[in-house]
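Read through the structure below, which is laid out as structure tokens, and then see the notes.
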Amino acid sequence: MATSIAICSGKGGVGKSNVTVNLAMVYQSLGKRVAILDADFGMANTHILMGVNPEFYISEVISGEKTISEIGCKGPNGVNIYSGGSGLLDMLNLDQSKRFQTIRLMDEIEDQIDILLIDVPAGASDNSVSFVSAADSAVIVLVGEPTSFLDAYSFIKACHLEMEMVNFTIVVNMANSATEAKRHFDRFNEIAMQFLDVRLRFGGHIPMSQRIRKAVVSRKPITTQKSDLPEVIAFQSVAKQVLDAPVNKTNGIRFFQKGMSGGG
Ligand SMILES: Nc1ncnc2c1ncn2[C@@H]1O[C@H](COP(=O)(O)OP(=O)(O)OP(=O)(O)O)[C@@H](O)[C@H]1O
Ligand SMILES: [Mg+2]
């Protein structure tokens with residue numbers, strides 16, 4: 001059975017898409033068959049970071065014009081991207097039935113993949129909470145800024161109160177050092193534990209890096225470059241932590257659980 005991992009943050013622009021794409025590259029290089037669902041509908045951009053241009057989008061599957069297999073677009077190393085489309089204003093606020101339809105659509109490719117990574121839009125909208133609570137595990141990308149802390153906290157609170165989620169893996173992005181990253185995690189964990197009955201795990205950190213910026217500009221994920229770069233080693237370490245994360249067993253609709261209403 002395929003594993004589903006949602007990458008989210010609360011705050012925008014903290015590096016979710018970059019983390020999604022590079023985790024996909026690392027898992028694929030470990031021999032896993034990986035797909036990305038770019039659930040940032042209407043503003044999808046993981047394909048840009050991977051240097052490919054999808055011809056079709058999830059909206060065409062929802063409207064019945066295409067099947068999910070027909071819209072899959074191959075990125076570097078054979079990672080498949082299912083894109084929510086960019087510049088599609090009508091996709092920005094999917095209603096509940098379309099969200100559920102999208103989650104069920106992925107059942108069709110379950111046999112072809114081992115890991116599905118979901119790039120979840122910023123904010124604590126119904127869209128974001130639905131996709132995160134449908135996944136086996138939730139990764140929260142945090143940066144060391146009060147706004148990121150606040151938005152990540154609000155997002156975790158929404159997932160916990162609305163969907164009873166308890167397990168979250170926190171990845172500190174754009175960190176200046178391992179020590180600083182761990183300090184950010186400890187501080188954030190302290191705040192969360194004070195008010196919410198949740199379990200946060202430290203999933204490691206990704207350094208603040210000009211090489212990562214350059215990789216974004218050149219549309220070649222950093223993890224497809226030299227394997228001994230500290231950034232690549234950081235992504236490999238985070239990838240391992242994320243796979244070891246405990247599964248969330250929420251009620252409600254979930255990825256790859258056809259016809260089930262409760263979590264398994
Ligand atoms: N570790 C890093 N070091 C330096 N720059 C980074 C790092 N991670 C991400 N960035 C830069 O931060 C910007 C935002 O990254 P990204 O698009 O992945 O964020 P996001 O959370 O997906 O944003 P959005 O909320 O808009 O979807 C990009 O310009 C990227 O180059
Ligand atoms: Mg993004």
Side-chain angles (χ1 to χ4, degrees), residues 5-26 36-52 54 57-58 75-76 79 81-89 91-94 117-125 127-129 131-132 138-145 147-152 154-156 168-178 180-182 184-185 203-225 229-239 242:
I5 303 167
I7 315 293
C8 34
S9 66
K11 183 170 161 43
V14 296
K16 286 177 299 297
S17 299
N18 203 52
V19 168
T20 306
V21 160
N22 283 294
L23 289 185
M25 291 298 143
V26 171
I36 293 176
L37 169 62
D38 195 332
D40 204 346
F41 294 99
M43 310 246 267
N45 62 11
T46 52
H47 61 281
I48 295 176
L49 301 179
M50 296 176 98
V52 293
Y57 303 118
I58 298 277
V79 169
I81 307 163
Y82 300 89
S83 177
S86 20
L88 304 175
L89 296 184
M91 290 296 283
L92 284 176
N93 291 303
L94 287 189
L117 290 163
I118 306 117
D119 188 4
V120 175
S125 65
N127 253 1
S128 308
V129 174
F131 284 107
V132 177
V139 174
I140 309 282
V141 180
L142 191 74
V143 300
E145 295 168 8
T147 45
S148 169
F149 275 42
L150 186 64
D151 293 359
S154 303
F155 185 68
I156 290 173
F168 300 86
T169 302
I170 310 293
V171 173
V172 177
N173 191 24
M174 305 192 204
N176 292 313
S177 69
E180 182 200 84
K182 182 63 171 46
H184 289 319
F185 169 75
H205 78 282
I206 307 297
M208 170 67 97
S209 154
Q210 279 308 318
R211 274 195 290 256
I212 291 182
R213 278 193 191 278
K214 280 191 191 146
V216 169
V217 173
S218 64
R219 301 182 68 190
K220 289 193 188 88
I222 186 113
T223 43
T224 59
Q225 300 173 23
L229 293 175
E231 294 86 344
V232 176
I233 294 167
F235 275 114
Q236 287 166 342
S237 163
V238 166
V242 168

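Just so you know, ligand 1 is whichever comes first in the structure, and atom 1 is the first atom listed for that ligand. In this chain, numbering begins with 1 at the start of the sequence shown.
- Distance alone, capped at 3.5 Å, places no donor-acceptor pair between the S9 side chain and the A122 backbone.
- Atom SG in C8 sits 4.0 Å away from atom CZ in F155 (nearest 0.5 Å).
- Counting backbone and side-chain atoms alike, S17 contributes an N/O/S atom closer than 2.8 Å to the Mg ion (ligand 2).
- In terms of modelled atom types and a separation under 3.5 Å, the side chain of S148 and the main chain of G144 share no donor-acceptor contact.
- The backbone N or O of L150 sits less than 3.5 Å from a side-chain atom of S154, completing a donor-acceptor pair.
- Residues with a heavy atom under 4.0 Å from ligand 1: G12, G13, V14, G15, K16, S17, N18, D40, A122, N173, M174, I206, P207, M208, S209, I212, R213, V216.
- Note that the CG atom of N22 and the CD atom of Q236 stand 10.5 Å from one another [nearest 0.5 Å].
- Taking the centre of each ring, F41 and F131 come in below the 6.0 Å mark.
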